[in-house]
Amino acid sequence: MAQNADDREMEQLIEELSSSPQRTRSQASQESVTTSKPRQRSPVKESHGVMGKSGNKSRPYKGRLAKDRRSRTGVRGGPKKGGAGGKGTWGKLTDTYSGEDSTKDIRDPNYNSEEESYVVATVRPELTEEQFEAFFQPIIKEYYDHGDATEVAVSLEELNLGSLGYKVPQLTVTMALEGKADQRELTSRLISDLYGEVIEGPDVAKGFDSLLENLEDLCLDTPDAAEVLGCFIARAVADDCLPPAYVSNHSNSRDKAKVAIKRAEVLLKMKHGMVRLDAVWGSGGGRRPVKVLINKMNMLLQEYLSSNDLKEAEHCLLDLEVPHFHHELVFEAVTMVLEDGSDRCSEKMVQLLKYLSDSNIVTPDQMKNGYLRVFDSMPDICLDVPNAHHMLEKFASRCFGAGFMSRDVKEKIPAKGRKRFVSEGDSLVAGNETKFKIGSVS
């Protein structure tokens with residue numbers, strides 16, 4: 001279209017030049033410049049189309065004259081949404097919907113606050129002293145049964161002790177004061193195992209301070225509480241749970257507390273005290289050697305025969321803390337009766353065994369096992385006591401009459417072996433052979 005306009009202008013100039021030949025070329029050029037109309041904007045750029053011969057616009061030309069959709073920033077990006085369409089589309093054909101892409105805008109009506117990512121922190125309130133005592137005492141009782149300090153530590157880690165850490169040594173020692181030697185040993189081990197894990201040094205020191213302050217009341221239930229507490233303090237120092245200066249810092253204590261501190265000083269100052277304090281509670285229960293337990297039971301029986309005190313014998317037996325080894329007491333008692341051979345010893349042992357059986361200290365199974373051990377050992381006992389079978393039958397009859405020996409055990413009493421002949425002729429032949437041998441030798 002621009003070419004057609006230029007052609008018409010050129011034709012007009014040619015006609016003017018041809019009609020006035022007298023004008024110079026420069027004048028013609030100047031006139032053409034001054035008389036020519038200003039160039040109008042091409043309609044192509046306005047309508048982005050091509051004008052036809054009839055003057056109407058045709059469809060837009062999709063060539064170089066079309067609108068350029070390239071980025072003016074110089075950065076070429078990929079198609080929007082990966083070629084899956086624009087706004088309001090459902091995505092690609094193979095796409096599946098999941099709830100992970102839910103909206104995060106609070107103003108959106110589909111917003112769900114539960115889908116927001118957040119951190120949940122567990123807050124444990126600090127226990128009161130009453131709540132802690134109610135929770136901790138059953139744990140210690142179970143610990144005395146299984147002896148596993150790890151379970152106690154796990155149970156305490158679930159609590160928010162806060163400022164109640166000192167209650168751990170205080171309660172354990174208080175409960176151990178009324179217990180036996182093995183429970184006191186377990187208590188000392190527990191304090192040592194929990195030190196640095198659940199409780200710290202100030203907690204241990206504060207716990208023993210509380211025990212020293214309340215020692216007067218503790219002595220009402222346990223008369224020897226001061227001496228026992230002194231052993232606990234010395235053991236804690238030996239286990240590095242308390243500093244050595246703890247004892248010296250409390251040297252000015254009064255009354256019962258002074259007795260406890262004095263006891264701890266004596267234990268710590270003795271020769272090889274730190275090593276000996278490992279056995280300050282002795283070796284109780286099944287940790288003792290078998291020979292030691294046998295000697296203890298023999299001493300128990302001999303002391304009973306001399307004093308005839310059933311209560312003292314019961315107390316000594318329970319202090320050994322070996323209910324699974326009570327059959328040894330029955331075995332030693334019956335053996336002592338067979339070796340002594342007197343009716344007095346037999347009657348005393350019957351009274352003792354009946355008392356222990358009626359109080360269920362020695363169970364029927366332990367009683368039966370003790371008798372069966374005696375029956376199996378009769379060949380060796382008869383070497384020292386020839387009439388042991390007669391004495392055993394007599395003692396068994398008394399036990400059966402007292403009611404603590406069952407009939408099936410009595411029927412298992414071994415009979416004395418006797419040499420018997422098949423007939424009288426065999427005895428005569430044996431006698432003649434004996435005379436013949438004697439005559440031939442002479």
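For reference, positions follow the sequence shown, starting with 1. Quick caveat: nothing in here was measured; it's all calculated off a predicted structure.
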Report yes or no: does Ser359 contribute a side-chain atom to a donor-acceptor pair with the main-chain N or O of Leu356 at less than 3.5 Å? yes
Would you please name every residue forming a side-chain hydrogen bond (donor to acceptor under 3.5 Å, both in side chains) with Lys394, sequence neighbours left out? Asp343
Tell me, which pairs form a ring pair (Phe, Tyr, Trp, His ring centres under 6.0 Å) where one or both residues lie in residues 229-263, sequence neighbours left out? Phe232-Trp281, Tyr246-His250
Excluding sequence neighbours, so at least two apart, what forms salt bridge (charged side-chain N to carboxylate O under 4.0 Å, His left out) with Lys354? Asp358
Contacts of Asp340 meeting side-chain hydrogen bond (donor to acceptor under 3.5 Å, both in side chains) (sequence neighbours excluded), chain-then-number -> Ser342
For Leu194 and Ala153, which heavy atoms make the closest approach, and how far apart are they? CD2-CB, 3.8 Å
Check whether any side-chain heavy atom of Asp319 sits under 4.5 Å from a side-chain heavy atom of Lys180, and report yes or no. no
If the condition is side-chain contact (heavy atoms from CB on, under 4.5 Å), which residues does Phe375 pass it with, not counting sequence neighbours? Tyr371, Leu372, Leu392, Val409, Lys412, Ile413, Pro414
Identify, with sequence neighbours excluded, every residue that meets side-chain contact (heavy atoms from CB on, under 4.5 Å) alongside Lys141. Met175
Any side-chain heavy-atom pair of Gln366 and Val330 under 4.5 Å: no
Please test Phe404 against Val350 for side-chain contact (heavy atoms from CB on, under 4.5 Å), starting from the C-alpha separation and ending with a verdict. CA-CA 9 Å; Phe404 60 91; Val350 169; 4.1 Å; yes
The complete set of ring pair (Phe, Tyr, Trp, His ring centres under 6.0 Å) pairs with one or both residues in residues 158-212, sequence neighbours excluded, reads none
Ignoring hydrogens, what is the shortest heavy-atom contact between Phe395 and Ser346? Give both atom names and the distance. CD1-OG, 3.3 Å
Once rounded to the nearest 0.5 Å, what's the spacing between atom CG of Leu156 and atom CD1 of Ile139? 5.5 Å
With side-chain contact (heavy atoms from CB on, under 4.5 Å) as the criterion, how do Ile233 and Leu267 come out once you've worked through the C-alpha distance, each side chain's angles and the decisive distance to 0.1 Å? CA-CA 10 Å; Ile233 294 174; Leu267 293 174; over 6 Å; no
Closest approach of Val247 and Ala264, non-hydrogen atoms and distance? CG2-CB, 4.4 Å
How far does SG of Cys399 sit from NZ of Lys410, to the nearest 0.5 angstrom? 10.5 Å
Walk me through it: do Val168 and Asp203 pass the test side-chain contact (heavy atoms from CB on, under 4.5 Å)? CA-CA 8 Å; Val168 175; Asp203 297 329; over 6 Å; no
Hey, what do you get for CD1 (Ile381) to OG1 (Thr335), rounding to the nearest 0.5 Å? 4.5 Å
Can you tell me which residue pairs pass the side chain to side chain donor-acceptor pair (under 3.5 Å) test with a partner in residues 223-238, sequence neighbours excluded? Glu185-Arg235, Arg235-Asp239
Ignoring hydrogens and angles, tell me if any N or O in the side chain of Ser377 forms a donor-acceptor pair with the backbone of Val374 under 3.5 Å. no
Do the side chain of Asn295 and the main chain of Lys291 share a donor and acceptor less than 3.5 angstrom apart? yes
Does the side chain of Thr187 pick up a donor-acceptor pair with the side chain of Tyr143 at under 3.5 Å? no
Where do Glu265 and Ser251 come nearest, in terms of heavy atoms and distance? OE2-CB, 4.1 Å
Any side-chain heavy atom of Arg398 within less than 4.5 Å of one from Glu347? yes
Contacts of type side-chain contact (heavy atoms from CB on, under 4.5 Å), residue Ser163, not counting sequence neighbours: Glu126
Do Asn214 and Thr174 have side-chain heavy atoms sitting under 4.5 Å apart? no
Quick one: are Leu212 and Ile261 in side-chain contact, heavy atoms under 4.5 Å? yes
Hey, could you give me each pair passing salt bridge (Lys or Arg N to Asp or Glu O under 4.0 Å) that has a residue in residues 254-263? Not counting sequence neighbours. none
For the student: nearest non-hydrogen atoms of Val228 and Arg184, plus distance: CG2-NH1, 3.7 Å
Using a cut-off of 6.0 Å, state whether more than 12 heavy atoms not belonging to Glu197 lie near its atom CD. no
By ring pair (Phe, Tyr, Trp, His ring centres under 6.0 Å), which residues pair with Phe136, not counting sequence neighbours? Phe132
Taken to the nearest 0.5 Å, the spacing of Ser253 OG from Glu213 CD works out to 10.0 Å
Donor-acceptor pair, Ser357 side chain versus Leu353 backbone, under 3.5 Å? no
Would you find a donor on one side and an acceptor on the other, under 3.5 Å apart, between the side chain of His327 and the backbone of Met367? no
For Met405 and Ala396 the tightest heavy-atom approach is SD-O, 3.8 Å
For a quick check under 3.5 Å, do Ser406 and Asp408 share a side-chain donor-acceptor pair by atom type? yes
Inter- and intrachain pairs under side chain to side chain donor-acceptor pair (under 3.5 Å), touching residues 301-311, at least two apart: Asn308-Lys348, Lys311-Tyr355
Are Leu338 and Asp384 close enough that some pair of their side-chain heavy atoms sits under 4.5 Å apart? no
Any chance you could measure Lys167, atom NZ, to Leu164, atom CG, to the nearest 0.5 Å? 7.5 Å
Heavy-atom side-chain contact between Leu310 and Leu352 under 4.5 Å: yes
Would Glu178 and Thr222 count as a side chain to side chain donor-acceptor pair (under 3.5 Å) here? Give the steps. CA-CA 6 Å; Glu178 301 177 359; Thr222 308; 4.7 Å; no
Roughly how far, to the nearest 0.5 Å, is CG of Leu300 from NE2 of His315? 10.5 Å
State, with a plain yes or no, whether a side-chain heavy atom of Phe331 is found less than 4.5 Å away from one of His326. no
Before you tell me yes or no, could you show the steps for Ile140 and Leu171 under side-chain contact (heavy atoms from CB on, under 4.5 Å), namely the whole-Å CA-CA distance, both residues' side-chain angles and the distance that decides it to 0.1 Å? CA-CA 9 Å; Ile140 296 301; Leu171 286 178; over 6 Å; no
